[in-house]
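What you see below is based on every heavy atom in this structure, not just the backbone, and it leaves out hydrogens, waters and symmetry mates. Per chain, numbering begins at 1; letters A, B, ... match sequence-line order. The shown structure was predicted, so the numbers you read here are calculated from the model rather than taken from an experiment.
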Amino acid sequence: MARVLLFGPLRDLAGWRERQVEGGSIAALRAAISAEDPELALALAGPGVQVALDQALVRGDAAVGAASEVAFLPPMSGG
Amino acid sequence: MARVLLFGPLRDLAGWRERQVEGGSIAALRAAISAEDPELALALAGPGVQVALDQALVRGDAAVGAASEVAFLPPMSGG
Amino acid sequence: MIRLTEHPFDAGALLSEFSAGRRETGAIATFTGLARAEQGAAAVLELEAYPGFTEAQIGRIAETARLRFGLHDLAILHRVGRIQPGEPIVFVATAAGHRRAAFEACDFLMDYLKSRAPFWKKEHGPAGARWIEPTAQDHADRARWDHEETAP
Amino acid sequence: MIRLTEHPFDAGALLSEFSAGRRETGAIATFTGLARAEQGAAAVLELEAYPGFTEAQIGRIAETARLRFGLHDLAILHRVGRIQPGEPIVFVATAAGHRRAAFEACDFLMDYLKSRAPFWKKEHGPAGARWIEPTAQDHADRARWDHEETAP
């Protein structure tokens, strides 16, 4: 269980910005999202999408706690 | 006759900043200054000293009118 | 000072505050980025940040700039939310002993902010809204700093 | 605006004025030069100008910068007279469509102002007064512009 945040075009694609998702790892969160919205799960795995766990960038999989915040960050556009 | 202006170290050397000097050309002004203060005249002919006649830079000699302003500008230091 | 704001700001007031009381700083450079009106054809910009993360990531680059250019201080204020044409988007100020360091650090920070900072930018134009990616020029500007030696 | 002043000034107020009401300017760069206090060891600076001539000569370089970098506008305020440590000496602001032009023009103008503008500078230190010439670095900085191609 973690709080999942989406930004930029990912948010528009999903139709939501923030949601509680079941799963004890980032991979489990991706699977839970895929079960409900495969198109979104594909976009989350897309090129240039970075993942931040509790505001720190992580690569690959990582364990997430119940109070964790997992953000999917599409390519950043700069200001 | 012209109003002669000195700037920077030339002013310190001469002990004056502005003076009426007799002469119908820049060369005549230099001669008049030399008769009174040869050291200053030498400095006015020194490397990098530019001459402005009525606020426009001139090279070599030029005629000066009675209401003319002739400025001797030592190398500029920037701000 | 690294801060995000949802409101228009006066770059001059920020510069007054930034320059006050400096005794050993010889050089302050600033940059203000404004949304151009494009003679009325401009889209409204919408900038999204990840609050906390965005400031922290900018802070890391700011620390790099501080060390690389020997800055005495720096300030960055960046708009988020909807930005109308003519409004300021970003203000960067750098303070250093000498002008080359202040200029280069300001330029460096802007190249980073325009190309890689954690913002997502949407344009709301007459033909609808679209998400913007950095331009090739933005990437080229930033890449200048990857190999270039800095003047002492 | 090209102006000399005998009085301290607030760079922020100048930037507020310069940036007000701009609709088509995307980029404003500024530079503020301050007299460093050098931990109390700083000399008092005395800057002499040739009123009228100095502004006109700076104006010619400003016109060069305006054309070379495609500036929308620029402002230069320069102190003359006695300048105490910690006080501002010079403020330059440039407005352009894009940031590279604004930065480069500001940098170019400062290099000129610091090395060749019609000022004569005296330092009043504990060991007496002395006239200052531009440093080798000032000349090298200015010479960068003699051969370098400008980015579009």
Side-chain angles (χ1 to χ4, degrees), chain B residues 1-21 23 25-27 29-30 33 37 39-79, chain D residues 2-5 31-35 45-61 76-81 83 87-92 109-124 128-142:
Chain B
M1 187 78 160
R3 195 154 61 98
V4 171
L5 304 179
L6 303 180
F7 289 90
L10 293 175
R11 167 168 57 84
D12 280 1
L13 176 69
W16 51 272
R17 180 190 194 96
E18 178 175 341
R19 181 175 284 190
Q20 295 290 331
V21 178
S25 68
I26 288 168
L29 296 176
R30 288 182 188 275
I33 288 167
D37 185 344
E39 197 194 348
L40 174 60
L42 204 65
L44 298 184
V49 175
Q50 295 180 283
V51 180
L53 171 60
D54 293 328
Q55 305 218 337
L57 292 173
V58 292
R59 284 172 187 276
D61 201 11
V64 301
S68 288
E69 177 178 291
V70 174
F72 290 92
L73 310 173
M76 296 154 183
S77 64
Chain D
I2 294 171
R3 203 155 54 83
L4 306 180
T5 177
F31 182 83
T32 310
L34 304 157
L45 277 184
E46 185 183 345
L47 269 179
E48 189 183 1
Y50 179 5
F53 178 84
T54 296
E55 294 95 318
Q57 293 287 313
I58 294 174
R60 290 173 51 172
I61 298 293
I76 298 172
L77 182 66
H78 209 295
R79 283 286 294 282
V80 292
I83 302 167
E87 290 182 353
I89 303 171
V90 57
F91 174 80
V92 173
L109 288 167
M110 276 309 305
D111 281 349
Y112 165 75
L113 288 168
K114 288 295 287 183
S115 66
R116 284 208 304 194
F119 294 102
W120 297 275
K121 185 158 52 179
K122 204 174 194 173
E123 255 182 29
H124 295 269
R130 68 185 187 98
W131 292 97
I132 308 292
E133 305 228 341
T135 65
Q137 183 63 51
D138 288 331
H139 285 304
D141 284 344
R142 192 190 45 72

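Inspection of non-hydrogen atoms places B:Ala52, B:Gln55, B:Leu57 of residues 52-61 of chain B under 4.5 Å from chain D.
Applying the 6.0 Å contact sphere to CD of B:Glu39 captures no more than 12 heavy atoms from other residues, nucleotides or ligands.
Here the shortest heavy-atom pairing between D:Tyr50 and B:Ala71 reads CE2-CB, 3.3 Å. Taking both residues in full, the closest heavy atoms of B:Gly79 and D:Lys121 are given as O-NZ, 2.9 Å, listed atom of the first, atom of the second, then distance. D:Leu47 approaches B:Gly78 most closely through the heavy-atom pair CD2-O, 4.1 Å.
Under the 4.5 Å side-chain criterion, counting only non-hydrogen atoms from C-beta, D:Trp120 is in contact with B:Pro74.
A distance of 4.5 Å separates CZ in B:Arg17 from CD in D:Glu48, rounded to the nearest 0.5 Å. The CZ atom of D:Arg116 sits 13.5 Å away from the OG atom of B:Ser77 when rounded to the nearest 0.5 Å.
The part of B:Leu6 that comes within reach of chain D is its backbone (N, CA, C, O), which places non-hydrogen atoms under 4.5 angstrom from that chain. Contacts between D:Ala129 and chain B at a heavy-atom distance below 4.5 Å are absent for every atom of the residue.
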Checklist entry - Should B:Met76 and D:Phe119 be marked as a side-chain contact (heavy atoms from CB on, under 4.5 Å) after you check the CA-CA gap, both sets of side-chain angles, and the distance that decides it? => result CA-CA 6 Å; B:Met76 296 154 183; D:Phe119 294 102; over 6 Å; no
